[in-house]
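What follows is a short report on a single structure.
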Number of protein chains: 2
Amino acid sequence: MTLFWVKGYSATSLKDLEQALQMRPGSIYAAFRSKEALFRAALDLYAGRMEAELTAMIADAPSALTALRSYLLSLGGLDHCEKPSTACMLVKSLLEIQMDRPELRNVVLAHLETVRRLLAQGFARAVAAGELPQDADPARLARRMQTYVFGLKIQAQRETDPEAMQRLAQDLADEISDLRRAA
Amino acid sequence: MTLFWVKGYSATSLKDLEQALQMRPGSIYAAFRSKEALFRAALDLYAGRMEAELTAMIADAPSALTALRSYLLSLGGLDHCEKPSTACMLVKSLLEIQMDRPELRNVVLAHLETVRRLLAQGFARAVAAGELPQDADPARLARRMQTYVFGLKIQAQRETDPEAMQRLAQDLADEISDLRRAA
DNA sequence: TTATTACTTGAGCGATCGCTCAAAAACCTT
DNA sequence: AAGGTTTTTGAGCGATCGCTCAAGTAATAA
């Protein structure tokens, strides 16, 4: 998963995978059907963890809105050391995979949609808890939040100044907070 | 350029390039030094156009802030037909190119920095024109704006509902407008 | 026209790609 | 230990990769 995450699908060769998995080609093709199927498994693993993390983060917090805000803030502290890549594997895959591989693309799209739905659930909880106006549209807010996350993780990929990243995450998190007092 | 834009660097083969350029391998390697150098030329062409477009958009408009807002709004109408890809070639390249190709990476980073600087100039003009508070930080606003653009273009890559995209762009554009009355 | 230079061609190089499969090794069961 | 089953192995397949270069073609100069 880490290998695919960092190098992308087509830039990861079977030689790389053999070394990372400590398996010989025959075993790899016995366990998975193909390189594409292996990649799909890696995608599922990655997305599953992300979805679990997001679910827990929202469910455990007393305030859903604060949890969402904290998540954005945490992206501002993304270190290049703690994780294989600061960029999102789903986004990297979305940009790499073309229409000529519809199956893979649909897997990516499905996971992105699941994440968006989780975010929408969080916003819906915030609305139900009275943290947001009753007429706020969770789906719309979720799409906006996800757009922030996309942008933030890409900025993290290029930004070298930690303070600038921190400020940026703060600015975006404030947008979420400001929804509270918005009409 | 279009080929690299759509397929990415490593997924574009010389056979593809031969057909697109209507040149045989020898001529390609006489005109450019290598596949990497050709890609660099494509990057420069793409970024140059984007930078020119952005410069003109800001310079021609009576209000810099309105121009920046309009730019975000226009991203909401990105059609999958009019352009080769709705995603930004610079971002795609940033996510694809690893540290093991520092030259290419630096080219991408330099172009992204140039775009950010152009946006900062736009915000600086807005401050000078009194459209924004005097203590607004153009560099910070530019980084935020660029983050919006990154996120929007990625959403455009997956979103199928034009209305949702339009609403999303509207939401983000409104964030820029709201800066006017912010303290 | 002929000699010289500049450019184009495409066969094909060595390397690597994703992948297969017969043989070997490891693991059971009796 | 012996026989049967499952798993692992790695040599190597055909295809394609980025790239080279001797030979051929076109353009220019004398």
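In what follows, every chain begins at residue 1, and chains take the letters A, B, ... in the order their sequences are listed.
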Can a donor-acceptor pair be found, under 3.5 Å and without considering hydrogens, that links the side chain of B/Arg140 to the backbone of A/Asp171?
no
Do B/His111 and B/Asp44 have side chains that get closer than 4.5 Å, going by heavy atoms?
yes
Tell me whether B/Lys35 forms a cation-pi arrangement with B/Tyr9, defined as NZ or CZ under 6.0 Å from the six-membered ring centre and within 45 degrees of its axis.
yes
Does B/Lys7 use its side chain to pair, donor to acceptor, with the backbone of B/Thr12 at less than 3.5 Å?
no
Give the residues of residues 94-102 of chain B touching DNA chain D, defined as any heavy atom closer than 4.0 Å, sorted by residue number.
none
So with a 6.0 Å cut-off around CD of A/Gln19, is the heavy-atom count from everything else above 12?
no
Angle class for the A/Tyr46/A/Trp5 ring planes (parallel below 30°, perpendicular above 60°, tilted otherwise)?
perpendicular
Cationic N near anionic O, under 4.0 Å, B/Glu36 to B/Arg40:
yes
B/S/- along nucleotides 6-22 of chain D (protein heavy atoms under 4.0 Å) is --SBBB-----SBBBB-
